[in-house]
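In what follows, chains are A, B, ... by sequence order, proteins preceding strands, each numbered from 1. Excluded from the calculations below are hydrogen atoms, water molecules and symmetry mates; all remaining heavy atoms, backbone and side chain alike, are included.
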There are 2 protein chains.
Amino acid sequence: MPHRTQKPKNNLNTKLARNIGERILLGEFQPGGLLPNEAAWGKAFGTSRTVVREALKTLMAKGLIESRPKVGSKVLPRSQWNILDRDVLDWHHAAVDRQAFFQSTQEVRRLIEPGAAKLAAEKRNVAQLARLETAFTNMKKAKTAQESVIADVEFHEALMAAANNDLLLPFGIIIEKALGDLFDFTTHRNPQPKQAIKLHERVLLAVRAADGKAAIKAMNTLLDNTDGLLAPVSTKGK
Amino acid sequence: MPHRTQKPKNNLNTKLARNIGERILLGEFQPGGLLPNEAAWGKAFGTSRTVVREALKTLMAKGLIESRPKVGSKVLPRSQWNILDRDVLDWHHAAVDRQAFFQSTQEVRRLIEPGAAKLAAEKRNVAQLARLETAFTNMKKAKTAQESVIADVEFHEALMAAANNDLLLPFGIIIEKALGDLFDFTTHRNPQPKQAIKLHERVLLAVRAADGKAAIKAMNTLLDNTDGLLAPVSTKGK
DNA sequence: AAAATTGATTTGTCATACAAAAACTATTGC
DNA sequence: GCAATAGTTTTTGTATGACAAATCAATTTT
């Protein structure tokens with residue numbers, strides 16, 4: 001896990017939410033099924049009902065469960081799950097095949113990022129462009145593979161932000177996870193890819209020039225390259 | 001508001017979360033700023049601290065705030081907000097200009113839906129196709145404009161599901177809101193648009209025929225039409 | 001058979017107390 | 001003077017016990 005800007009909170013309710021959340025994502029508790037009641041969790045974990053309730057509240061807020069008196073907490077259908085929530089995505093990530101997960105992130109990036117790059121080229125303001133430039137500079141300056149990934153993620157998030165559409169922001173999380181996996185898969189023999197720099201530079205140039213079409217093309221090329229990076233790697237995921 | 005499948009919970013903690021959430025989205029509490037502490041909310045609302053804490057937990061889970069002892073609850077930067085969460089999107093929707101919001105949903109739909117339609121055409125299984133067919137049938141059978149919108153939303157959500165990529169599911173919420181607005185804006189003089197049926201049928205045929213390219217084209221045409229629907233309407237949003 | 005009543009179970013809310021974290025302040029030692 | 005240190009204070013975190021409210025299931029009543 002190369003990048004981690006926020007230290008994870010380790011309160012009891014957070015830990016319990018993580019525990020239950022992971023198990024839901026793993027399929028131990030299936031959609032439509034019921035969770036043990038609050039008292040049972042409390043006994044199982046040696047915590048008060050207060051903690052249990054706050055953990056369940058967290059899961060409710062993320063769309064994983066729904067609670068009603070006399071009934072209990074029911075796992076909601078997957079369509080209700082807030083998969084683009086950072087925690088939920090983490091739990092999902094821990095539960096599924098790495099290779100398949102990466103493929104689905106790539107699929108989504110194919111949909112979003114070229115169009116987002118176009119929007120960014122057409123609508124970015126100076127501050128947003130500056131942020132993108134900084135991220136690119138940091139990619140070039142990066143000494144370690146880890147620094148490089150962090151700057152890479154920041155580049156793509158800056159691009160998303162430059163598209164000036166709030167509804168696109170949650171996608172940053174997907175990119176973050178995707179690049180994190182890419183790092184895990186390829187970093188060993190690919191410490192500082194010069195080609196990646198060039199590909200990102202082309203995106204930056206297009207955005208700087210406010211050239212939407214070029215931005216699309218550059219981003220697609222970048223994603224082509226990303227696809228290629230993963231292919232030759234042996235499956236070592238879970 | 002034409003479609004509402006789940007009755008809204010009216011527990012105290014839910015109401016308080018909504019109250020605070022709306023005010024954050026409205027900008028009354030700005031990112032980086034602090035919320036009043038738990039005791040203050042309790043006094044202001046005449047509720048126990050338990051309720052306040054569960055409300056705040058909800059907001060934490062949605063990425064709106066972050067709490068630390070001695071400091072309090074800080075509003076997080078917008079990039080952390082889970083805007084694709086149903087509640088957050090509702091609050092956002094209530095806070096922004098309707099016309100601008102609709103435009104941003106259209107922008108996102110332009111990115112996602114054609115590609116999603118392609119994936120659906122290529123990867124859908126029989127059950128998923130059947131769901132799509134049913135939704136389309138319901139669109140045709142719809143007696144009222146309201147029924148029509150519900151079926152329309154279901155059609156697009158079924159399409160999303162047929163793409164077989166969990167990461168795309170959260171987008172259903174955007175479509176739901178977008179079509180809801182469209183309904184509010186245009187339904188008066190556009191009770192049952194035959195053209196819309198035809199456009200959706202083309203998408204369905206492409207998916208049925210597993211023709212990815214045709215699916216993209218059909219969806220783009222559909223979105224062109226959607227754009228056109230809004231344009232001539234006078235601004236009556238807030 | 002349908003409707004109203006009762007009973008049991010689970011979540012929802014309240015009140016109070018104390019623990020733990022973290023910023024702030026004062027003190028100490030050099 | 002300054003830095004490390006130790007205490008102080010404020011705010012959230014957790015525990016406990018009690019009761020209210022919602023709701024499903026069975027029972028009774030009509």
Side-chain angles (χ1 to χ4, degrees), chain A residues 4-21 23-24 29-76 80 87, chain B residues 4-21 23-24 29-76 80 87:
Chain A
R4 173 56 56 198
T5 86
Q6 323 186 67
K7 51 184 162 187
K9 303 209 1 177
N10 259 10
N11 297 329
L12 288 181
N13 65 67
T14 306
K15 279 198 242 181
L16 182 52
R18 180 159 50 231
N19 183 296
I20 304 176
R23 290 163 75 174
I24 290 176
F29 303 110
Q30 297 237 342
L34 285 176
L35 259 50
N37 65 23
E38 295 173 352
W41 286 115
K43 206 159 77 176
F45 265 73
T47 65
S48 70
R49 214 186 127 206
T50 308
V51 163
V52 175
R53 280 188 59 77
E54 294 194 352
L56 293 178
K57 253 307 168 264
T58 299
L59 300 180
M60 284 181 219
K62 295 179 187 304
L64 294 186
I65 65 173
E66 173 190 61
S67 294
R68 288 168 61 193
K70 169 72 185 176
V71 172
S73 296
K74 184 158 52 170
V75 179
L76 291 172
Q80 304 277 319
D87 296 324
Chain B
R4 176 53 59 197
T5 84
Q6 323 186 66
K7 53 184 162 188
K9 306 216 345 180
N10 259 8
N11 296 331
L12 289 182
N13 65 66
T14 305
K15 279 199 243 181
L16 182 51
R18 180 158 51 230
N19 183 297
I20 305 177
R23 291 163 75 177
I24 291 176
F29 303 110
Q30 299 239 342
L34 284 176
L35 259 49
N37 66 22
E38 295 173 353
W41 285 114
K43 207 159 77 176
F45 265 73
T47 65
S48 70
R49 215 187 124 204
T50 308
V51 164
V52 176
R53 280 188 59 77
E54 294 193 354
L56 294 178
K57 254 301 167 270
T58 299
L59 300 180
M60 285 182 221
K62 294 177 188 306
L64 294 186
I65 64 173
E66 172 190 62
S67 295
R68 288 166 61 193
K70 170 70 183 179
V71 171
S73 295
K74 185 159 50 171
V75 179
L76 291 172
Q80 304 278 317
D87 297 323

Here's a test of your reading of the structure: between A:P69 and B:K70, which maps to the more 5' nucleotide of DNA chain C?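 Closer to the 5' end of DNA chain C: A:P69.
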Both A:K57 and B:R68 contact DNA chain C. Which one's nearest nucleotide lies toward the 5' end? A:K57
Tell me every residue that passes side-chain contact (heavy atoms from CB on, under 4.5 Å) with [X], counting only those two or more places apart in sequence or in another chain.
X     : answer
A:R18 : A:N10, A:T14, A:K15, A:E22, A:W91
A:P69 : none
A:K74 : A:L34, A:E66
A:A40 : A:P36, A:N37

Check whether any side-chain heavy atom of B:I65 sits under 4.5 Å from a side-chain heavy atom of B:I20, and report yes or no.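 The answer is no; the side chains never approach within 4.5 Å.
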May I ask you to test the B:F45-B:V51 pair for a side-chain heavy-atom distance under 4.5 Å?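 Of all side-chain heavy-atom pairs linking B:V51 with B:F45, none is under 4.5 Å.
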List in chain and number order the residues that pass salt bridge (Lys or Arg N to Asp or Glu O under 4.0 Å) with A:R23, two or more places apart in sequence or in another chain; answer none if no residue qualifies. A:E28
Between A:K9 and A:V71, who's closer to the 5' end of DNA chain D by nearest nucleotide?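 Its nearest nucleotide being more 5', the pick is A:K9.
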Toward the 5' end of DNA chain D, by each residue's nearest nucleotide, A:E54 or A:R49: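 Its nearest nucleotide lies further toward 5', so the answer is A:E54.
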Taking side chain to side chain donor-acceptor pair (under 3.5 Å) as the definition, give me every residue that meets it alongside A:T58, ordered by chain and number, with sequence neighbours left out. none
Who passes side chain to side chain donor-acceptor pair (under 3.5 Å) against B:K62, sequence neighbours left out? B:D85, B:D87
Judged by atom type as modelled, is there a donor-acceptor pair below 3.5 Å linking the side chain of B:K9 to the main-chain atoms of A:S67? yes
Compute the bend angle of the helix from C:dA1-D:dT30 to C:dC30-D:dG1 from the end axes (five pairs per end), rounded to 10°.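 Helix axis angle between the two ends: 10°.
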Remember a base hit wins even if backbone is also touched, and classify B:R53 as base, sugar-phosphate or nothing at under 4.0 Å, heavy atoms.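 It contacts base atoms.
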Heavy atoms of chain A, cut-off under 4.0 Å: which first and last nucleotide of DNA chain D, 5' to 3', fall inside that, if you could look? D:dG13 to D:dC24
Please find the earliest and latest nucleotides of DNA chain C, in the 5' to 3' direction, that have an atom within less than 4.0 Å of any heavy atom of chain B.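 Extent of the interface on DNA chain C: C:dG12 to C:dA23.
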So the side-chain hydrogen bond (donor to acceptor under 3.5 Å, both in side chains) pairs with at least one residue in residues 40-50 of chain A (sequence neighbours excluded) are A:E38-A:R49
